[in-house]
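The next block holds one structure in the form of structure tokens; read it before the comments.
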Amino acid sequence: MAYLSSIEGFNLESLKANFHRDEGIFRHWRGEALLKRRISPKLRGHPILQISASITAKPSSELRKKPKSSEPDDKLVALRELFSRPNINIDAYIIPSQDAHQSEFIAECYARRAYISGFTGSAGTAVVTKDKAALWTDGRYFLQAEQQLTSSWILMRAGNLGVPTTSEWLNGVMAPGSRIGIDPELKEAISKKNHELVYLYDFNLVDEIWKDSRPKPPNRHVRVHDLKYAGVDVSSKLSSLSLAAKGTCLWLDTSTASAAIVKTYKSACDNYFGAAGNVSKNKRSVPNGLEGHSCGPSAVYKSSPKSLAKAVKNDAELEGMRNSHLRDAAALAQFWVWLEEEISDGVILTEVDVADKLLEFRSRQDGFVDTSFDTISGSGANGAIIHYKPEPGSCSVVDAEKLFLLDSGAQYIDGTTDITRTVHFGQPSSWQKECFTRVLQGHIALDQAIFPENYPGFVLDAFARSSLWKIGLDYRHGTGHGVGAALNVHEGPQSISFRFGNMTPLLKGMVVSNEPGYYEDHAFGIRIENLLYVKEANTPNRFGGLEYLGFEKLTFFPIQAKLVDLSLLSATEIDWLNDYHKEVWEKVSPLLDGSAKQWLWNNTRPLVKP
């Protein structure tokens, strides 16, 4: 039998869901060249540098790969020992990524799946049986999981042809009659082997083995969001939802509510009607003392109205998003001036050094609160790890002869930013330029898209992939996600993705990202990301009486011209890039002076097709 690792933190829908060899390139510098380079103080003693007659920087893929060992995994051994306790007596254990609140960015003390598996990506489900351990994750994390999982774990590349789902795998490895704690919506799939659904409420098994080293829970104060940024007060927002007027006792969204809440409320309803002595719940009998109430407790299982209301930004929220993005662009310009000068001067910087310095520049801006997510600072092969997070002591040096991908964002008091730029500090290869240009073409195509109202985002996903598809390339992540206004950087329910199950329409006022990419495993990664908001499009016709929609840009920051192969771009695409850079200059330059302003001018000058 298997239990949910933490029933209060298990989401009812959480389980629905290399052809390039490692370059193995070592960068060598002559000993005398070392004298001309300045080493960042943070880098001294860094394990990836060997200072002797020459400096050698190993690929980070070699550094982070754990040796394949036949030694047992101590954490798995300790966890499995708990299986046989009399009050547990289980055969397998499911460990999701979520905490009890379904948070996207969870506190370290609740990162149970990361603790037990060593895989730190934000998405994944671990399943541990008495003799096997498997982890499911999506294409954003395949490379990262390969590097972080030990030989004790089986990596399940979810979405790849032939890879079983969690229920299919459990049916294959578990003996008939096992009791498995799993998503109730998958109960039918596992019932073929007579498995039983069981919940564990009293304690979490991972917590039982995670004692001394477990971090403390966060205790920061709650901040009240000012009305001038929120646009609408709390009571007005709540009144617009009218549940009581519809006679509904509880609205449950099974995509976000935990299994514990759903099961507890169902039990409460059963107890209520049982106390009334009424076998048929449809008769809505009311126990003594509660006469006059229109109905007994009941539940409506559908998507939460809050998600859609939050996704459609009001005028104050959109204004805050526009303003915060301009301040963010000013910080980025100051940062890129610094970084390019350091690289040009031969300063050796790690990916962490770069991320820390970017935070320093952003923190000087008015209204800065924090980063909106961990900065993805990836040089060379690390850029191909889609959600890469550099770590002190094991990250790579930023190599001037390789592509560098920087995906970052900030939380400001009035808005949330998320931007990705890919650059080359030296001379990119013709192949890198072609890949970058095709990603740019997809970015432009989505930015210019016009579509009928009430269309879901997946209809637009192919716009961003088409140029890559023409030469047989693609990428393993969605093209766009919703973004909150001074809230979560990843916000639903809308998205722009190849996953066509999300039928949420794109509505006026929604904010989405536009971030196509291309990644060559163990070589490089490319991504170009802006944030957009949905607006009405002024079309000459309205077929079928429908309103047509398009996008307005929120992000204004240069796209590196050096990486663009102009021969691949149409005249319309070149006009788009030049018009965009003109807007960048007009909107951001008033916030800059000195070298940062000159840098912005140099990087927004118009391009002419040869």
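Between Ile413 and Asp226 the shortest side-chain heavy-atom distance does not fall below 4.5 Å. The side-chain heavy atoms of Ser117 and Trp153, taken from C-beta on, include a pair separated by under 4.5 Å. Here the side chains of Lys310 and Leu487 are in contact, with some heavy-atom distance below 4.5 Å. At least one side-chain heavy atom of Phe142 sits under 4.5 Å from a side-chain heavy atom of Thr137. At a threshold of 4.5 Å between non-hydrogen side-chain atoms, the residues Leu349 and Leu339 count as touching. Side-chain atoms of His325 and Phe556, non-hydrogen and from C-beta on, never get closer than 4.5 Å to each other. Between Arg113 and Leu135 there is a side-chain heavy-atom pair separated by less than 4.5 Å. A heavy-atom distance below 4.5 Å is not found between the side chains of Ile528 and Pro516.
Counted by atom type alone, Ser396 and Asn382 present one or more donor-acceptor pairs between their side chains at under 3.5 Å. A side-chain N or O of Ser408 and one of Arg362 form a donor-acceptor pair less than 3.5 Å apart. For the 3.5 Å distance criterion, the side chains of Thr416 and Gln411 qualify, holding a donor opposite an acceptor. In this model, a donor atom of one side chain and an acceptor atom of the other lie less than 3.5 Å apart for Thr417 and Asp328. Side-chain contact check for Tyr229 and Asp414: no donor-acceptor pair (N or O, by modelled atom type) lies under 3.5 Å. At a cut-off of 3.5 Å, with distance as the only test, a side-chain donor of Thr120 or Gln148 sits close to an acceptor on the other residue. Judged by distance alone, the side chains of Glu529 and Thr420 do bring a donor and an acceptor atom under 3.5 Å apart. Using modelled atom types, one finds a donor on one side chain and an acceptor on the other under 3.5 Å when comparing Tyr519 with His477. A side-chain donor-acceptor contact under 3.5 Å links Asp353 and Thr350.
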>> ring-ring contact (aromatic ring centres under 6.0 Å, His included) for Phe451 and Phe551? Distances and angles first, verdict last.
In response: CA-CA 10 Å; Phe451 51 96; Phe551 296 113; 5.5 Å; yes
>> Run Phe458 and Phe498 through side-chain contact (heavy atoms from CB on, under 4.5 Å) and show every step you take.
In response: CA-CA 6 Å; Phe458 76 79; Phe498 57 88; over 6 Å; no
> Please walk me through it: do Glu351 and Tyr388 pass side-chain hydrogen bond (donor to acceptor under 3.5 Å, both in side chains)?
Replying inline: CA-CA 11 Å; Glu351 296 160 331; Tyr388 171 69; 2.4 Å; yes
>> Assess the residue pair Trp431 and Glu520 against the criterion (side-chain hydrogen bond (donor to acceptor under 3.5 Å, both in side chains)); give the C-alpha distance rounded to whole Å, side-chain angles, the decisive distance to 0.1 Å, and a yes or no.
In response: CA-CA 11 Å; Trp431 174 241; Glu520 287 205 355; 2.5 Å; yes
> Does the pair Glu319 and Lys313 meet the rule for a salt bridge (charged side-chain N to carboxylate O under 4.0 Å, His left out), with working shown?
Replying inline: CA-CA 10 Å; Glu319 182 65 15; Lys313 311 306 187 249; over 6 Å; no
> What do the steps show when you test Ile385 against Arg140 for side-chain contact (heavy atoms from CB on, under 4.5 Å), and what is the final call?
Replying inline: CA-CA 7 Å; Ile385 303 173; Arg140 296 171 297 170; over 6 Å; no
>> Run Gln494 and His481 through side-chain hydrogen bond (donor to acceptor under 3.5 Å, both in side chains) and show every step you take.
In response: CA-CA 7 Å; Gln494 77 276 19; His481 57 83; over 6 Å; no
>> Working note: Asn314 + Leu318, criterion side-chain contact (heavy atoms from CB on, under 4.5 Å); need CA distance, chi angles, decisive distance, verdict.
In response: CA-CA 6 Å; Asn314 59 47; Leu318 286 175; over 6 Å; no
> Given Ser467 and Gln441, is the side-chain hydrogen bond (donor to acceptor under 3.5 Å, both in side chains) satisfied, shown in steps?
Replying inline: CA-CA 6 Å; Ser467 184; Gln441 287 176 306; 2.6 Å; yes
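For Lys562, the NZ atom is densely surrounded, since the number of other residues' heavy atoms within 6.0 Å is greater than 12.
Judged as a side-chain contact (heavy atoms from CB on, under 4.5 Å), and not counting sequence neighbours, the contacts of Arg214 are Cys109, Tyr110, Arg112, Asp207, Trp210. For Ala462, the side-chain contact (heavy atoms from CB on, under 4.5 Å) criterion is met by Trp469, not counting sequence neighbours. Partners of Tyr533 by ring-ring contact (aromatic ring centres under 6.0 Å, His included), not counting sequence neighbours: none found.
Annotation: cation-pi pair Arg327/Tyr412 present, NZ/CZ under 6.0 Å from the ring centroid and within 45° of its normal. Geometrically, Arg465 engages Tyr475 in a cation-pi contact, judged by NZ or CZ lying under 6.0 Å from the ring centre and within 45° of the ring axis.
One distance of note links NZ of Lys357 with CG of Leu359; it measures 11.0 Å at 0.5 Å rounding. Here the straight-line distance linking atom OG of Ser495 with atom CG of Asn502 works out to 4.0 Å at 0.5 Å rounding. Atom CZ of Arg438 is separated from atom OH of Tyr518 by 11.5 Å, given to the nearest 0.5 angstrom. Taken from OG1 in Thr422 to CD1 in Ile559, the straight-line distance is 10.0 Å, to the nearest 0.5 Å. In this structure, CD on Glu586 lies 13.0 Å from NE2 on His581, to the nearest 0.5 angstrom.
Minimum heavy-atom separation, Glu515 to Ser513: OE2-OG, 2.8 Å. Considering all non-hydrogen atoms of both residues, Leu607 and Ala561 come closest at CD2-CB, 3.8 Å. Closest approach of Phe436 and Leu563 over heavy atoms only: CD2-O, 3.3 Å. Nearest approach of Thr479 to Ala464, heavy atoms of both residues: CG2-CB, 3.5 Å. The two residues Phe557 and Leu332 come nearest to each other via the heavy atoms CE1-CB, 3.5 Å. Across all non-hydrogen atoms, the minimal contact from Thr555 to Leu531 is OG1-N, 2.8 Å.
Under the 6.0 Å cut-off for aromatic ring centres, His387 and Tyr141 qualify, their centroids lying closer than that. Not less than 6.0 angstrom separates the ring centroid of Tyr580 from the ring centroid of His443. Here Phe361 and Phe368 keep their ring centres 6.0 angstrom or further from each other.
When each of Leu554, Asp407, Asn530, Val511 is tested with Asp418 by the rule side-chain contact (heavy atoms from CB on, under 4.5 Å), just one qualifies, namely Asp407.
Between Asp138 and Arg476 there is no salt bridge, since no side-chain nitrogen of the basic residue lies less than 4.0 Å from a carboxylate oxygen of the acidic one. One finds no salt bridge joining Lys508 and Glu552 here, because no Lys/Arg side-chain nitrogen approaches an Asp/Glu carboxylate oxygen to under 4.0 Å.
Between the side chain of Ser363 and the backbone N or O of Glu360 there is at least one donor-acceptor pair closer than 3.5 Å. A donor-acceptor distance shorter than 3.5 angstrom exists from the side chain of Glu573 to the backbone of Ser570, with no hydrogens or angles considered.
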